[in-house]
Amino acid sequence: EMYTSLLNTKQAMSVERKLIDYLGTYIDQELERLEDIKRFYAKVSSLHAELYNSPATALTNPLVAFTLIKRLQSEWLHVVYSNEALENAQALRSGYEKEEADLPNLEDLQGAAKGLMRLQDVYSLQVPGLVRGRFQRVTNGRSVDIHLPAVSVQLSGDDCFLVGKVAYDQEDYYHSVQWLEESVRLFRGTGSKWSPENEGTLHDALDHLAFSHFMETVSHALSLSQELLHYDPSNGRVLQNIYKYEKLLASNSSKSAGGLKRPSCKYLRTRDTYERLCQTRGSQPVHFENPQLFCDNFANGHPGLLLRPVRREVLSLRPYVVLYHDFISDSESEEIKQHAQLGLRRSVVATGDKQATAEYRISKSAWLKGSAHSTVSRLDQKISMLTGLNVQHPHGEYLQVVNYGIGGHYEPHFDHATSPSSPVFKLKTGNRVATFMIYLSSVEAGGSTAFIYANFSVPVMKNAAIFWWNLHRNGEGDADTLHAGCPVLIGDKWVANKWIHEYGQEFQRRCSLNPEE
Ligand SMILES: O=C(O)CCC(=O)C(=O)O
Ligand SMILES: [Fe+2]
């Protein structure tokens, strides 16, 4: 699952470098082989040009006759039945096979394509812009670059075909139409010139695009007719049409088609806010408007922090969210990422009493124990000094280091358990009362942490950390903490989570029966 973490995608780059070397060797050998064949061709054809005028005399020379017979008995045979082409191809293939275990699989490709479509949606990016390597949005009828990446590439007709096909196979005609339109445009532009690397052709793209348009139109027709039926419930003609449209859709689709709307609207209730917060950071906390939001140098009265207090910024009171600037140093960040590398596995989420992967959390994560790494244990101490909380296992979970991949994200969620059977309770130290999250990297664009109901988002700020309470003082989950990691638009985002549990904090955070606190 190389698309779920940029670290793995980086490793893919070195695999391709090796493949480039194999192909280079192959081309050299094939050119040499063709040179040899050309030499034979030139030899034989020039002999014929010389002797053609007088073949009868020429063959009276036994040397000429002998070489003719030899060529026809043996030389041509060797040239025509040479194994060299096969041997060269075989060498190329065996090089490729050596790397096969490290190559992305179909799931990676589909995951990467879905990542692109996610970025398209969340950041309202235009497909024609993306295809030209630009990150653009339409504002007041004009395409505006929302970010200029340091490096970029243009996509080919086949690249777009693939993204469109991934959408198509999911019966997501909203996306397939947009990507296949671009594919058709680009394939037409190349005059259907054959390329050995391509999977699709203009024909394939047209075929898939036509069907996508058809499905889109029928479902549009269906939704318009349903609206009409709402105003005119006894209209028999409309009823009949609806029946026809539904039959058409059902015969061409296993699920009911999503139609013109964007698919996967599980989070529809919060989606618009989420996307707005990802795009614009929402209505950011404005300190002068609310004097209770402030910045200070904070030592928490702890001797360990007195000489080096941490710059604290209170971002929100409900829920209570604070940002600690420069909580960690560059070298500590690098060390943590280094330690985590080998342990990175696809991130999971709690579903019932189990842990499972999910589309709504695309990243890889690793757990680091303080007892195994002195940097981690120093961070634990510093978190403890700042928050006054007991973060020792099992009162705090091990440090979870997360690396996001292509369009990697974590859709709106709670960090605390919302069901009594949640795996969070396995530690037997209660629910996750607080979250301390450290940003171990910066990003070029995207990837903010969005607090949906609180209506603000925190941009990725390298070495800073945010802290918030997940639970009210009465132990109930605080619904206002609903938050998300926005998809990373450009960059390599790393965070580390320290989840602190209820038990062990009884004297640091007193409980209360007041559900407001
Ligand atoms: O990456 C982020 O900004 C948020 C991550 C998060 O909420 C989590 O890992 O629980
Ligand atoms: Fe979270």
Side-chain angles (χ1 to χ4, degrees), residues 4-7 115 118 122 267 270 274-275 277-279 281-282 315-316 319 321-324 327-328 333 336-337 340 344-351 355 357-368 396-418 422-424 431-454 456-471 477-489 491-501:
T4 57
S5 143
L6 216 65
L7 183 73
R118 181 177 313 124
V122 173
Y267 296 91
T270 53
Y274 169 51
E275 292 179 357
L277 289 172
C278 289
Q279 288 182 16
R281 304 183 187 172
L315 296 179
S316 160
V321 185
V322 282
L323 178 73
Y324 297 109
F327 170 76
I328 183 173
S333 279
I336 298 283
K337 288 189 267 187
L344 286 177
R345 300 286 177 276
R346 172 81 191 263
S347 298
V348 290
V349 295
T351 45
Q355 314 251 40
T357 62
E359 283 275 309
Y360 71 85
R361 187 182 191 193
I362 301 285
S363 61
K364 280 205 166 92
S365 43
W367 296 92
L368 297 186
E397 293 176 41
Y398 298 127
L399 190 71
Q400 186 190 52
V401 182
V402 184
N403 180 218
Y404 291 90
I406 301 167
H409 71 153
Y410 196 168
E411 282 183 3
H413 66 279
F414 294 115
D415 284 355
H416 60 270
T418 49
S422 164
V424 165
N431 208 340
R432 286 172 174 167
V433 70
T435 297
F436 195 97
M437 191 183 84
I438 311 164
Y439 295 105
L440 300 175
S441 71
S442 51
V443 294
E444 266 189 67
S448 300
T449 307
F451 285 81
I452 311 300
Y453 296 140
F456 71 94
S457 56
V458 186
V460 176
M461 205 177 288
K462 186 166 196 271
N463 299 343
I466 50 176
F467 170 89
W468 68 90
W469 296 109
N470 291 306
L471 306 180
D478 181 349
D480 289 341
T481 63
L482 189 76
H483 65 281
C486 295
V488 180
L489 186 52
D492 185 12
K493 179 181 173 188
W494 289 78
V495 299
N497 286 305
K498 186 79 186 175
W499 284 303
I500 305 162
H501 282 234

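When reading the values below, keep in mind they use all heavy atoms of this one structure, side chains included, and skip hydrogens, waters and symmetry mates. None of these values were measured; they are calculated from a predicted model. Atoms within a ligand are numbered from 1 in the order they appear, just like the ligands themselves.
Between the side chains of W469 and D478, not a single donor N or O lies within less than 3.5 Å of an accepting N or O. Neither side chain, S363 nor N403, offers a donor N or O lying under 3.5 Å from an acceptor on the other.
A perpendicular orientation is assigned to the rings of H483 and W468, their planes being inclined by more than 60° (bins at 30° and 60°).
Contact of the L440 side chain with the I328 side chain is registered, since non-hydrogen atoms from C-beta on lie closer than 4.5 Å.
The atom name of the N/O/S atom in D415 closest to the Fe ion (ligand 2) is OD1.
Remark: E444 pairs with H147 by the side chain to side chain donor-acceptor pair (under 3.5 Å) rule, at least two apart or across chains.
Near ligand 1, heavy-atom contacts under 4.0 Å come from R361, Y404, Y410, H413, D415, M437, T449, H483, G485, K493, N497, W499.
Judged by the 6.0 Å distance and 45° axis criteria, K462 is not positioned over the aromatic ring of Y439.
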